[in-house]
Amino acid sequence: MPDRVEGAAFFASNCAACHGTNAQGNGPLAAELQAAPSNLTTLSRRNGGTFPKARALSYIYGDPEQAHLARVMPQFGGAMAENLVPVEFDGVMTPTPRVLAALLTYLEAIQE
């Protein structure tokens, strides 16, 4: 199973430019964006103390309900969907791209 280290590496290469190396929304590109990147260390706090794993994955992977023009963050998908691992969401094991499962593990570990 993917782990926090793998997730941290994915975060560093794909997310830190906007969200910052500390995931608090203060990356070097943040000032150039129309909408400020979220502070990813407070996801659990903003969700009543529980890490919103399913909602976070839905947004990261590319929520189909979000129009592409309304979305600032890039959608991840394509070849990523070829390497799947089972992740539990609300008691259901769900095939999830390995790198995104690792990213979720990392994000959950850095919650304040």
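As the structure is a computational prediction, the values presented were derived from the model and not from experiment. For reference, positions follow the sequence shown, starting with 1.
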Pair Glu6 + Arg98, salt bridge at N-O below 4.0 Å:
yes

Can you give me the closest heavy-atom contact between Ala102 and Asp3, atom names plus distance?
CB-O, 3.6 Å

Least distance between heavy atoms, Phe11 atom then Gly20 atom
CE2-O, 3.2 Å

What I'd like to find out is whether the side chain of Lys53 reaches to under 4.5 Å of the side chain of Leu107, using heavy atoms alone.
no

Reference residue Gln24; test side-chain contact (heavy atoms from CB on, under 4.5 Å); the match among Asn39, Leu40, Ile110:
Asn39

How long is the straight-line distance from CD of Glu32 back to SG of Cys18, given to the nearest 0.5 Å?
8.5 Å

Over all heavy atoms of both residues, which pair between Gly7 and Tyr106 is shortest? Give the atoms and the distance, please.
C-CB, 3.8 Å

Side chains of Pro97 and Leu84, heavy atoms from C-beta outward: is any pair under 4.5 Å?
yes

Using every non-hydrogen atom in the two residues, find where Ser13 and Ala9 come nearest and quote the distance to one decimal.
OG-O, 2.8 Å

Test item: Asn47 side-chain N/O and Leu43 main-chain N/O as donor-acceptor pair under 3.5 Å
no

With the 4.5 Å side-chain cut-off for hydrophobic clustering, are Phe89 and Val99 part of the same group?
yes

To the nearest 0.5 Å, tell me how far Glu108 CD sits from Thr50 OG1.
9.5 Å

Same apolar cluster: Met1 and Leu103, side chain cutoff 4.5 Å:
yes

Looking only at heavy atoms, what is the nearest atom pair of Thr105 and Pro2, with distance?
OG1-O, 4.4 Å

Presence of salt bridge, Arg45 and Glu112, under 4.0 angstrom
yes

Can you tell me if His19 uses its side chain to pair, donor with acceptor, with the backbone of Ser38 under 3.5 Å?
yes

Is any side-chain heavy atom of Leu104 less than 4.5 Å from a side-chain heavy atom of Leu57?
yes

